[in-house]
Amino acid sequence: NGLIYTPSAYLNPWKTIDLGFTHFSQSTSFTYLAGEKSERAFIANLIFLPRVAFSARITRPYDNLRPDFQSGSGRPRNWGIGDRSYGMRVQVLQEKKQQPALVIGLNDPLANLAYFHNVYAVASKQITVRSVHFTGNIGYGVHIEDTRSEYLEGIFGGITATYKGMSVLAEYDSQRLNVGLNYGFRDFIFINLAMIEAQHFSGNVSFRLQLN
């Protein structure tokens with residue numbers, strides 16, 4: 001429900017669930033071994049209440065081995081299931097002709113030293129020019145407690161241009177400038193290719209399921 005790393009103020013249709021997989025190259029990873037190993041994330045996003053979204057994510061390095069890879073028993077040590085993260089988004093304002101949409105989001109509210117532990121607000125507004133849909137987003141995030149990353153800390157935002165299912169994305173994620181392409185096929189399969197800091201690759205594919 002956003003661009004690359006940054007969220008928007010829009011939610012998926014009610015009674016839908018998105019299941020996705022994201023690849024982070026070594027230079028774009030930001031959990032256990034940020035900047036040292038490539039990571040993957042498994043993501044679920046569920047809309048079962050009007051204007052409320054819940055998400056869950058598991059992120060882990062590909063080989064999953066810790067730097068101190070030998071345990072006391074001589075067996076390899078790993079990171080286990082990976083970093084578990086969850087969040088909630090509430091749309092407090094719906095978009096109107098003279099009014100942007102507004103979402104309040106919360107990530108990992110009960111976690112200590114989490115990577116994504118923050119609260120944010122983001123506004124989005126769309127205009128259409130000759131069949132091209134332009135969407136602008138602007139938001140601000142703060143960390144609730146001490147965290148291990150600077151994810152969405154401060155001002156963030158971006159712009160999207162969409163034509164016939166293909167979108168060109170550009171964003172500032174509070175730390176970096178990122179660009180990407182997104183393609184949605186029949187509102188069922190979504191592919192997102194991104195260059196973080198315009199030079200490091202990240203990719204995502206997701207599937208949307210209708211619950212009713």
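Nearest approach of Phe201 to Met195, heavy atoms of both residues: CA-SD, 4.0 Å. When all heavy atoms are compared, the tightest approach of Pro100 to Leu93 is O-CB, 4.1 Å. In terms of heavy atoms, Val179 sits closest to Ala198 at CG2-CA, 4.5 Å. What you find for Tyr120 and Gly141 is that their closest heavy atoms are CB-CA, 3.7 Å. When all heavy atoms of His133 and Gln126 are compared, the closest pair comes out as ND1-OE1, 4.0 Å. Here the shortest heavy-atom pairing between Gln210 and Thr16 reads OE1-CG2, 3.2 Å.
Residues Phe207 and Leu46 are members of one and the same hydrophobic cluster, defined by side-chain heavy-atom contacts under 4.5 angstrom among Ile, Leu, Val, Met, Phe, Trp and Tyr. Note on Leu19 and Ile189: same hydrophobic cluster, where clusters join Ile, Leu, Val, Met, Phe, Trp and Tyr whose side-chain heavy atoms are under 4.5 Å apart, directly or indirectly. Under a hydrophobic clustering in which Ile, Leu, Val, Met, Phe, Trp and Tyr are joined whenever their side-chain heavy atoms come within less than 4.5 Å, directly or via other members, Tyr183 and Ile159 fall into different clusters. Under the 4.5 Å side-chain heavy-atom criterion for grouping Ile, Leu, Val, Met, Phe, Trp and Tyr, Phe188 is connected to Leu211 within one hydrophobic cluster. Following chains of ILVMFWY side-chain contacts shorter than 4.5 Å, one cannot reach Tyr172 starting from Leu181, and the two form parts of different hydrophobic clusters.
Considering only heavy atoms from C-beta on, Tyr86 comes within 4.5 Å of Asp108 through its side chain. The closest side-chain heavy-atom distance from Asn182 to Ile191 is not below 4.5 Å.
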For this session: With side-chain contact (heavy atoms from CB on, under 4.5 Å) as the test, would you mind laying out the steps for Arg130 and Tyr163 before giving the verdict?
Result: CA-CA 10 Å; Arg130 295 185 178 182; Tyr163 178 73; over 6 Å; no
Problem set entry | side-chain contact (heavy atoms from CB on, under 4.5 Å) evaluation trace for Phe116 with Asp83 | CA-CA 10 Å; Phe116 311 105; Asp83 178 72; 3.5 Å; yes
For this session: Could you go through the side-chain contact (heavy atoms from CB on, under 4.5 Å) check for Asn118 and Glu153 one step at a time?
Result: CA-CA 8 Å; Asn118 67 351; Glu153 183 177 21; over 6 Å; no
Exercise. Hey, mind stepping through Glu36 and Ser29 against side-chain contact (heavy atoms from CB on, under 4.5 Å) and telling me if it holds?
Worked result: CA-CA 8 Å; Glu36 298 181 20; Ser29 62; over 6 Å; no
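Rounded to the nearest 0.5 Å, atoms NE2 (His117) and OH (Tyr151) are 14.0 Å apart. Atom CG in Leu177 sits 11.5 Å away from atom CD in Gln199 (nearest 0.5 Å). Between Asp173 atom CG and Glu197 atom CD the span is 8.5 Å, to the nearest 0.5 Å. With rounding to the nearest 0.5 angstrom, the OH atom of Tyr62 is 6.5 Å from the CZ atom of Arg40. The structure places NZ of Lys97 at 9.5 Å from NZ of Lys125, a figure rounded to the nearest 0.5 Å. Note that CD1 of Ile196 is 10.5 Å distant from OG of Ser27, once rounded to the nearest 0.5 Å.
Annotation for Leu49: atom CG counts as buried by contact number, over 12 foreign heavy atoms lying within 6.0 Å. The number of heavy atoms from other shown groups lying within 6.0 Å of CG (Asp63) is above 12.
Every residue meeting the ring pair (Phe, Tyr, Trp, His ring centres under 6.0 Å) condition with Phe42, not counting sequence neighbours, appears here in chain and number order: Phe21.
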Which pairs would a plain distance check flag for residues 51-59, meaning a side-chain donor or acceptor within less than 3.5 Å of a matching protein atom at least two apart in sequence or in another chain?
from, atom 1, to, atom 2, distance (Å)
Arg51, NE, Gln91, O, 3.1
Arg51, NH2, Gln91, O, 3.2
Arg51, NH2, Val92, O, 3.2

Only distances under 3.5 Å count here; give the side-chain donor-acceptor pairs of residues 3-13 to other protein atoms, sequence neighbours excluded, each with its distance to 0.1 Å.
from, atom 1, to, atom 2, distance (Å)
Tyr5, OH, Thr28, O, 3.2
Thr6, OG1, Glu171, OE1, 2.6
Ser8, OG, Asn1, O, 2.9
Ser8, OG, Tyr10, N, 3.2
Tyr10, OH, Glu95, OE1, 2.9
Asn12, OD1, Asn1, ND2, 2.6
Asn12, OD1, Arg208, NH2, 2.9
Asn12, ND2, Asp18, OD2, 3.0

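In this structure, Ser38 contributes its side chain and Ser25 its backbone to no donor-acceptor pair below 3.5 Å.
When each of Leu193, Asn192, Thr162, Thr135 is paired with Leu169, the side chain to side chain contact (heavy atoms under 4.5 Å, CB included) condition holds for Asn192 and for no other.
Ring centroid separation for the pair Phe24 and His200 does not come in under the 6.0 Å cut-off.
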